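All values derive from a computational prediction rather than experimental measurement.
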Amino acid sequence: MNKQAIIHRPTDQHAYVCADNSVNIMIQTQKGDCKGIHFIHGDPYDWEEKKWKNKKIAMRKTGTDQLYDYWQVTIKPASHRLRYGFKLNDGENPLYFGEGGFSAQEPNDIAFYFCIPYVHVSDAFQAPAWVKNTVWYQIFPERFANGNTENDPKDTLAWGSSEPTADNFFGGDLQGVIEQISYLKELGITGLYFTPIFKAYSNHKYDTIDYLEIDPQFGDKETLKQLIKVCHDNGIKVMLDAVFNHSGFYFPLFQDVVEKGEKSKYKDWFHIHDFPLIFEPKPNYDTFAFTPFMPKLNTQNEEVRNYLLNVGRYWVEEFDIDGWRLDVANEVDHGFWRDFHKVVKGIKPDLYILGEIWHDAMPWLRGDQFDAVMNYPFTRNILDLFAKESIDRKTFAENMTAVIHMYPASIHTNAFNLVGSHDTPRILHECSGDKRKVQQIFTFLLTFIGTPCIYYGDEIGIDGDGDPGCRKCMIWDEEQQDRHMLEHVRKLITLRKNHPLLANEGNLSFLPVEMNSHCFAFMKEKQDKTIIVIFNLSDQEEQFTLPAHQNRQMPIDLWTGNKVKDKKIPLEARGFSILEF
């Protein structure tokens with residue numbers, strides 16, 4: 001057995017407290033190396049005749065990726081204390097593993113074993129309960145709908161009359177969203193994520209001028225209050241986007257530094273290397289990327305911290321927003337985010353805090369900073385399999401298994417899953433115009449674990465390359481919309497709401513891909529219910545053979561409503577099936 005490949009530490013995704021006082025334990029072993037693992041556990045003070053009393057229970061293998069097998073067990077310590085270790089079986093000689101290392105014999109010294117001194121339920125990661133049942137819809141306000149032409153910026157173009165550029169305007173605003181609430185409700189949306197609405201110079205508004213004012217081209221604060229009320233009245237949550245990593249070039253306090261240089265009392269609000277300020281070809285102050293128009297804020301400065309914390313507080317207190325999406329969150333210090341968490345959760349405990357992090361985000365997901373991050377590893381795997389066909393089904397299943405095991409299970413139910421955004425090419429573009437692929441992607445997105453997000457217009461077939469091409473005006477003429485795609489997405493959302501296993505319940509696993517040449521499937525199980533979602537990646541019709549289920553009735557195809565009569569499931573080219581047992 002390869003000891004170097006055995007991984008466990010009593011923290012993060014490997015050992016965490018759950019809300020019901022139980023503890024979830026995970027261990028990784030080299031792929032195919034271990035036949036089974038028994039979890040050894042007991043109270044450190046429970047001894048009899050100088051021998052530590054413990055129990056052994058079998059661990060469940062929950063997945064395999066390219067390198068590792070993952071094993072898990074959930075235990076609820078009666079006394080809230082826990083010492084534990086592992087008995088690993090390779091088919092020949094057992095191996096014991098604990099904090100003290102490895103042993104060929106079962107140690108009796110509890111110092112050998114891993115320790116959870118006391119199970120405090122307050123340590124459990126608990127994201128807002130409503131999030132896991134939410135279907136999000138991302139709105140780029142400047143391009144969704146123009147409801148009030150009186151607040152249009154200068155030189156506003158006629159709606160959809162031109163391709164989007166980095167600096168053109170079409171007049172989208174908050175009133176336009178209010179007027180389209182019925183469309184969103186009929187689609188089944190229960191959460192709106194807005195890119196920034198605060199006063200800024202650009203059309204994207206990530207270069208904030210005033211964090212406490214609505215951009216005049218979007219409306220005013222009364223319009224926002226009306227929008228939030230209309231959303232709440234229709235069962236829709238509202239999440240705003242904030243940029244605390246950097247301000248805009250025209251942020252008044254940065255302009256004070258531009259004007260006064262080293263004499264500005266705000267010079268320490270930013271990371272300035274030396275004076276005078278230099279803007280081109282490369283700024284001599286820290287920025288987002290290397291653009292001089294987005295100077296990085298110094299969140300180590302107490303005045304800056306207090307200012308930004310007040311921003312977070314203000315929009316929750318005054319407008320009752322339901323979430324904050326935090327731009328470039330990984331470049332802001334952890335201490336600030338911990339303070340931010342305390343401030344906004346102190347006002348509204350069930351507020352959703354979502355960080356924009358494109359990589360492994362475990363340091364931000366320990367319960368004291370974010371509730372979730374934008375799940376871009378999920379996005380990349382989806383696109384690589386369905387859209388680009390750059391990976392095979394086995395690699396996809398292994399990659400997704402690795403993503404699932406990156407974080408505690410309680411985090412995955414709130415993970416912000418997306419397949420496109422204002423930062424990426426449209427999903428139809430990624431699929432080279434193949435709408436069958438887009439339908440498959442939406443099917444996967446809306447039946448997998450996590451909280452899914454649809455980028456405005458993707459549901460009606462809007463196309464476009466990366467920024468700014470992905471920021472086209474929403475199409476409201478039904479004759480120009482892909483109504484078939486719209487109905488496809490609407491039906492999936494309805495199924496997700498009506499069948500909890502399609503959302504965030506049950507244990508998920510991928511079925512062995514060797515069973516079929518061009519098909520793959522994942523399964524969700526909970527008690528006596530099972531759902532299997534199957535995809536055919538071929539341009540030809542295929543058959544998928546159902547796995548054997550003893551004493552199990554034939555399933556219902558939830559998509560068609562028909563009862564399945566054969567274990568061989570026919571799938572049309574680029575088709576799918578959603579089966580409930």
Side-chain angles (χ1 to χ4, degrees), residues 7-28 39-46 54-55 57 59-60 62 70-86 98-99 110-111 113-132 323-324 326 329-330 333-355 357 360-373 375 404-416 449-451 504-505 507:
I7 301 174
H8 175 82
R9 287 185 61 81
T11 186
D12 294 336
Q13 71 270 37
H14 287 106
Y16 56 90
V17 176
C18 303
D20 63 352
N21 280 307
S22 63
V23 180
N24 194 84
I25 304 292
M26 182 180 78
I27 184 173
Q28 299 170 225
F39 181 68
I40 307 169
H41 66 98
D43 187 295
Y45 301 105
D46 192 5
N54 59 64
K55 297 179 181 178
I57 56 175
M59 300 189 73
R60 183 171 63 94
T62 55
Y70 297 90
W71 310 77
Q72 296 194 44
V73 69
T74 300
I75 187 77
K76 185 179 286 189
S79 60
H80 304 285
R81 299 181 296 261
L82 189 65
R83 281 279 184 172
Y84 67 91
F86 307 93
E99 189 173 289
I110 63 168
Y113 295 90
F114 293 105
C115 179
I116 294 180
Y118 197 87
V119 176
H120 294 279
V121 71
S122 59
D123 291 334
F125 179 96
Q126 297 188 62
W130 57 267
V131 175
K132 66 181 182 180
W324 276 116
L326 304 167
N330 57 338
D333 66 277
H334 291 284
F336 174 80
W337 290 133
R338 292 187 184 100
D339 289 344
F340 182 85
H341 182 277
K342 290 178 182 178
V343 167
V344 298
K345 293 279 190 176
I347 301 165
K348 192 170 186 176
D350 68 343
L351 188 89
Y352 183 49
I353 305 177
L354 172 67
I357 297 177
D360 186 343
M362 194 66 245
W364 291 268
L365 294 171
R366 292 180 173 134
D368 58 351
Q369 294 176 66
F370 304 157
D371 295 311
V373 296
N375 198 355
I404 291 169
H405 289 86
M406 283 173 66
Y407 308 122
S410 52
I411 289 174
H412 283 295
T413 58
N414 303 284
F416 195 84
I449 54 173
T451 179
N504 283 301
E505 293 191 4
N507 296 315

[X] versus [Y], closest heavy-atom pair with distance:
X	Y	result
Val121	Asn21	CB-OD1, 3.5 Å
Ala329	Gly355	CB-CA, 4.0 Å
Ala372	Ala415	CB-CA, 4.2 Å
Pro408	Asp12	CG-O, 4.1 Å
His341	Gly367	NE2-O, 3.4 Å
Ser410	Tyr16	OG-CE1, 4.4 Å

Side chain proximity check, Ile353 to Trp337, heavy atoms < 4.5 angstrom: no
May I ask you to decide if the ring planes of [X] and [Y] are parallel, tilted or perpendicular, using 30° and 60° as cut-offs?
X	Y	value
Phe39	His41	parallel
Tyr407	His412	tilted
His334	Trp364	tilted

Would you give the length of the straight line joining atom [atom1] of [X] to atom [atom2] of [Y], rounded to the nearest 0.5 angstrom?
X	Y	atom1	atom2	answer
Asp123	Arg366	CG	CZ	13.0 Å
Glu99	Ile110	CD	CD1	11.0 Å
Arg338	Asp368	CZ	CG	5.0 Å
Asp46	Arg83	CG	CZ	14.0 Å
Phe340	Phe370	CZ	CZ	8.5 Å
Asn375	Ile449	CG	CD1	9.0 Å

Without hydrogens or angle criteria, can the side chains of Asn414 and Thr451 be said to hold a donor-acceptor pair below 3.5 Å? no
Donor-acceptor pair between Asp371 and Tyr352 side chains, under 3.5 angstrom: no
Exactly one of His8, His14, Gln13 should register a side chain to side chain donor-acceptor pair (under 3.5 Å) with Gln28. Which one does? His14
Inspect the surroundings of CZ in Arg9 and state if more than 12 heavy atoms from other residues, nucleotides or ligands are less than 6.0 Å away. no
Can you spot which of Tyr113, Phe86, Phe114, Tyr84 makes a side chain to side chain contact (heavy atoms under 4.5 Å, CB included) with Ile40? Tyr113
The single option from Asp20, Asn24, Val23 that satisfies side chain to side chain contact (heavy atoms under 4.5 Å, CB included) with Thr74 is Asn24
Looking only at atom types and distance, does a side-chain atom of Lys345 sit under 3.5 Å from a main-chain N or O of Leu351, one as donor and one as acceptor? yes
Is the backbone of Gly450 close enough, under 3.5 Å, to the side chain of Asn504 for a donor and an acceptor to pair up by distance? yes
What do the steps show when you test Val373 against Leu365 for side-chain contact (heavy atoms from CB on, under 4.5 Å), and what is the final call? CA-CA 8 Å; Val373 296; Leu365 294 171; 4.3 Å; yes
Is there a side-chain contact (heavy atoms from CB on, under 4.5 Å) between Ile404 and Thr62? Walk through the geometry before answering. CA-CA 10 Å; Ile404 291 169; Thr62 55; over 6 Å; no
